[in-house]
Number of protein chains: 4
Amino acid sequence: MSTRDRIIKSAVNLFMQQGVAKTTTKQIAASAAVAEGSIYRYFPSKDGLAWQVFKEYHQHIAVQLQQSVSQDINLEEKIHSLVSCFLKMADEDWLMFSYYLTSQHTHMKSVTEDMLTPYQVLTEVVEQGISTGGIKNIEANVITAMVMGAVHQIVINKIYSRIKGDLYVHRKLISKTIAAMVRIEACHYE
Amino acid sequence: MSTRDRIIKSAVNLFMQQGVAKTTTKQIAASAAVAEGSIYRYFPSKDGLAWQVFKEYHQHIAVQLQQSVSQDINLEEKIHSLVSCFLKMADEDWLMFSYYLTSQHTHMKSVTEDMLTPYQVLTEVVEQGISTGGIKNIEANVITAMVMGAVHQIVINKIYSRIKGDLYVHRKLISKTIAAMVRIEACHYE
Amino acid sequence: MSTRDRIIKSAVNLFMQQGVAKTTTKQIAASAAVAEGSIYRYFPSKDGLAWQVFKEYHQHIAVQLQQSVSQDINLEEKIHSLVSCFLKMADEDWLMFSYYLTSQHTHMKSVTEDMLTPYQVLTEVVEQGISTGGIKNIEANVITAMVMGAVHQIVINKIYSRIKGDLYVHRKLISKTIAAMVRIEACHYE
Amino acid sequence: MSTRDRIIKSAVNLFMQQGVAKTTTKQIAASAAVAEGSIYRYFPSKDGLAWQVFKEYHQHIAVQLQQSVSQDINLEEKIHSLVSCFLKMADEDWLMFSYYLTSQHTHMKSVTEDMLTPYQVLTEVVEQGISTGGIKNIEANVITAMVMGAVHQIVINKIYSRIKGDLYVHRKLISKTIAAMVRIEACHYE
DNA sequence: GATGAATGAGCTTTCATTCAT
DNA sequence: AATGAATGAAAGCTCATTCAT
């Protein structure tokens with residue numbers, strides 16, 4: 001494990017336990033068994049470290065999601081692929097995944113238009129669904145939000161210990177539920 | 001507006017813009033037009049202020065949600081009441097509401113069993129639905145998570161400017177979608 | 001007990017336990033059952049209170065000591081009177097007395113020439129002893145220091161719990177010891 | 001001179017002039033020509049610094065006193081050794097010595113049983129004197145207090161400018177006086 | 001005389017960052 | 001590449017003091 005990776009792992013671990021602000025560079029250095037100064041050879045600052053780690057993983061997730069649906073044609077298949085991919089990633093690197101989810105609010109302002117995001121991948125799938133007629137409801141942003149939230153909260157509730165064990169086992173139920181969500185027809189506002 | 005309320009409003013405003021850690025007591029005091037020391041007459045510390053405000057509003061939401069469903073018998077009615085109440089509260093006090101949602105991760109560890117939470121209110125409604133047969137799926141915790149997440153994300157995406165305008169207008173679509181979610185039957189795991 | 005006296009008693013009590021610096025006006029007010037602001041009706045400041053109380057008691061001791069020897073002619077009688085008076089005062093108002101002794105270092109710089117001090121009273125007795133021939137040693141300041149220190153330390157060691165119980169019972173032994181001290185002849189420095 | 005020693009010297013100097021409470025860490029840092037933060041690399045806090053310096057010197061004195069009498073057999077010799085050692089130390093490092101004496105009241109509560117103290121060394125000498133018959137009076141704690149006080153006050157009165165110049169020159173007179181003190185026979189209390 | 005909320009200067013302490021080694 | 005002592009800006013917080021009631 002490289003020095004850089006040791007720093008990342010130690011940092012994310014501490015960030016999750018205490019938050020970025022309450023985590024000191026001294027703690028990170030001690031946990032990674034490097035000198036405090038060494039952090040600055042790989043990252044511009046503590047906040048820069050927090051951001052860079054978020055950004056890399058954020059984009060990693062987006063790429064994985066995009067690849068997971070690349071072969072699918074059918075909407076239901078796409079949903080299943082996305083959900084499965086998402087849950088598998090959460091199970092496989094729980095530390096990074098939970099850090100990604102809980103630190104979103106902090107970093108979202110810094111996400112620029114040119115970056116590929118999970119939200120964009122999902123939006124694209126939904127919009128394709130609308131254009132091909134599989135999705136009747138035309139309020140894409142509301143649907144997309146609800147779908148994304150539904151899956152996110154599964155992970156968040158595991159962080160809060162309201163759900164235990166691997167999440168991948170729930171992929172069918174979750175996919176089915178989401179399939180039902182997108183099938184809803186548009187409402188006429190009174 | 002009392003000194004305490006001025007402090008709360010100024011603090012939450014700054015917390016939302018910069019996060020708790022990056023907000024200084026000096027800023028809060030200046031914004032509330034009180035002396036820095038006055039913060040400590042009403043709150044034990046900056047973090048204590050952040051927690052207390054979260055806690056009060058968290059419980060306020062729970063109570064409002066509980067009241068909103070108290071008259072309903074039908075499951076669909078309950079869902080509609082909860083969704084409407086939730087969205088109305090978000091629209092009415094957007095500042096507090098968005099602070100509540102974005103600071104959840106920080107404060108959830110400190111929530112004790114004896115506190116009434118929105119999650120509890122929703123869980124109760126879902127479990128009643130299961131026991132009365134309206135909900136077929138018996139994985140209450142997964143359903144509850146997805147439902148909660150779906151509604152939360154609506155608000156979060158407004159914070160991220162992915163959704164614009166009042167949220168209350170979407171109550172019918174959201175309620176209908178959630179009604180569809182809970183109607184899903186249980187899956188048999190392979 | 002007047003408000004002023006309640007403040008003094010509470011303050012001195014706290015000063016002894018924690019030192020003047022670590023004692024807050026809030027504590028004094030709470031202990032004296034008055035409002036914080038009321039302290040300032042009787043004293044100019046916290047440090048002013050500490051000083052004023054010291055000064056009053058310091059002079060009170062000096063006056064008592066002076067009176068105690070006013071009738072005595074014989075040197076041994078004078079020593080016995082001073083010692084007895086000193087010990088009796090310590091026993092009678094232990095709180096004030098121990099405050100006086102332990103806070104001396106802090107306040108000594110502020111003692112002006114015109115104030116009557118215990119040290120002056122003792123010096124006078126010693127110098128009379130020298131001039132009447134009862135004391136052979138002419139290094140008055142060294143003798144006086146040693147005599148004063150011998151008696152002081154009795155009280156200090158009670159503060160440190162190295163001596164227990166009333167001090168007045170030791171008056172004979174102490175007087176006798178001091179009588180022996182002043183009887184020492186001068187040394188010729190090599 | 002090491003960073004730590006520069007901090008100690010500057011701190012003690014300021015503590016003597018103004019007291020610990022009125023001395024700021026800024027002043028210490030400026031006087032020692034180090035950054036404020038550097039104080040905390042060597043000491044846990046300002047009070048911790050005050051205590052640690054006291055403790056080290058307190059124990060240093062105790063060790064020196066113990067060594068000074070280690071070769072002596074005769075009681076009078078012991079007294080002379082202790083007095084000479086004590087006065088020499090005062091003359092040699094006046095700053096530390098006067099800090100030690102004036103800050104005793106503050107720190108005495110924190111002295112634990114396992115620490116070697118000057119008081120213990122003196123007590124041992126007195127008790128040996130009693131057991132070997134050189135000291136008739138069996139109230140060891142009263143004698144010890146008086147002897148200790150007599151020598152302390154010499155130093156204190158120099159702090160108060162009541163005595164000028166080196167103290168070591170007075171060693172013969174002081175030793176002789178103390179020898180007379182311990183020779184006093186016990187009193188029968190009426 | 002008494003109160004105690006409000007003040008704000010100034011304190012101790014922390015800690016991200018630098019840089020000589 | 002790695003170190004960790006030194007830095008010093010800036011933070012949270014305290015608390016003596018004031019003053020309208």
Side-chain angles (χ1 to χ4, degrees), chain A residues 2-4 6-7 20-30 32-50, chain B residues 2-4 6-7 20-30 32-50, chain C residues 2-4 6-7 20-30 32-50, chain D residues 2-4 6-7 20-30 32-50:
Chain A
S2 72
T3 302
R4 187 177 189 275
R6 283 214 315 283
I7 292 171
V20 173
K22 293 250 180 298
T23 298
T24 66
T25 51
K26 210 179 205 76
Q27 289 177 317
I28 298 171
V34 297
E36 256 183 294
S38 298
I39 296 169
Y40 294 86
R41 185 160 295 278
Y42 299 99
F43 302 97
S45 67
K46 190 182 76 164
D47 286 347
L49 161 59
Chain B
S2 72
T3 302
R4 188 175 188 276
R6 285 215 311 285
I7 292 169
V20 174
K22 293 247 182 300
T23 299
T24 68
T25 51
K26 260 195 173 58
Q27 288 177 318
I28 298 170
V34 298
E36 240 179 309
S38 296
I39 296 171
Y40 295 87
R41 179 165 295 281
Y42 298 99
F43 303 98
S45 65
K46 191 182 72 166
D47 286 348
L49 161 58
Chain C
S2 71
T3 301
R4 188 177 189 276
R6 283 214 314 285
I7 292 171
V20 173
K22 292 249 179 300
T23 299
T24 66
T25 51
K26 207 177 207 78
Q27 289 177 316
I28 298 170
V34 298
E36 255 182 294
S38 298
I39 297 169
Y40 294 86
R41 186 161 293 279
Y42 298 99
F43 302 97
S45 68
K46 189 182 77 163
D47 286 348
L49 161 59
Chain D
S2 73
T3 302
R4 188 175 188 275
R6 285 215 311 285
I7 292 170
V20 174
K22 292 246 181 301
T23 299
T24 68
T25 50
K26 252 195 175 57
Q27 289 177 318
I28 297 170
V34 297
E36 244 179 308
S38 295
I39 297 170
Y40 295 86
R41 180 165 293 280
Y42 299 99
F43 303 97
S45 66
K46 191 181 73 166
D47 286 349
L49 161 59

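Order of the sequence lines fixes the chain letters, A, B, ..., with proteins taken first and strands second; residue numbering starts at 1 for each chain.
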Task: Gap between atom OH of Tyr42(C) and atom OG1 of Thr3(C) - 0.5 Å precision - done: 4.0 Å
Task: Distance (rounded to the nearest 0.5 Å) between Thr24(B) OG1 and Glu36(B) CD - done: 7.0 Å
Whole-Å gap separating [atom2] ([N]) and [atom1] ([X]):
{"X": "Ile28(A)", "N": "dG4(F)", "atom1": "CD1", "atom2": "P", "answer": "17 Å"}
{"X": "Ile39(D)", "N": "dT13(E)", "atom1": "CD1", "atom2": "P", "answer": "9 Å"}
{"X": "Phe43(C)", "N": "dA2(E)", "atom1": "CZ", "atom2": "C1'", "answer": "16 Å"}
{"X": "Arg4(D)", "N": "dA6(F)", "atom1": "CZ", "atom2": "C1'", "answer": "17 Å"}

Task: Short side-chain N/O contact to dA2(F) OP1/OP2 from Tyr42(A), under 4.0 Å - done: yes
TODO: Check whether any side-chain nitrogen or oxygen of Ser38(A) sits under 4.0 Å from OP1 or OP2 of dT3(F), and answer yes or no.
DONE: yes
Task: Whether Lys46(B) side chain and Ile39(B) backbone form a donor-acceptor pair below 3.5 Å - done: no
- [ ] Using modelled atom types only, decide if a donor and an acceptor are shared between the side chain of Lys22(B) and the backbone of Ala21(A) within a distance under 3.5 Å.
- [x] no
Open item on the list: Under 3.5 Å for both pairing distances: what stems, at least three Watson-Crick or G-U pairs long, include DNA chain E?
Closed with: E:2-21 with F:2-21
Task: Upstream residue (5' side of DNA chain E) when Lys22(A) and Ala33(C) are each assigned their closest nucleotide - done: Ala33(C)
Of all the heavy-atom pairs spanning [X] and [Y], show the shortest one and how long it is.
{"X": "Pro44(A)", "Y": "Gly48(A)", "value": "CG-CA, 4.1 Å"}
{"X": "Ile7(B)", "Y": "Ser38(B)", "value": "CD1-O, 4.0 Å"}
{"X": "Thr23(A)", "Y": "Ile28(A)", "value": "CG2-CG1, 3.7 Å"}

Task: Proximal nucleotide (of dA2(F), dA5(F), dA5(E)) relative to the Arg41(A) side chain - done: dA2(F)
Please list, pair by pair, any protein nitrogen or oxygen found under 3.5 Å from a nitrogen or oxygen in nucleotides 12-14 of chain F.
residue: dG12(F); atom: OP1; partner: Thr23(B); partner atom: O; Å: 3.3
residue: dG12(F); atom: OP1; partner: Lys46(B); partner atom: NZ; Å: 2.6
residue: dG12(F); atom: OP2; partner: Thr25(B); partner atom: N; Å: 2.9
residue: dG12(F); atom: OP2; partner: Thr25(B); partner atom: OG1; Å: 3.1
residue: dC13(F); atom: OP2; partner: Tyr40(B); partner atom: OH; Å: 2.8
residue: dC13(F); atom: OP2; partner: Lys46(B); partner atom: N; Å: 3.0
residue: dC13(F); atom: N4; partner: Glu36(B); partner atom: OE1; Å: 3.3
residue: dC13(F); atom: N4; partner: Glu36(B); partner atom: OE2; Å: 2.9

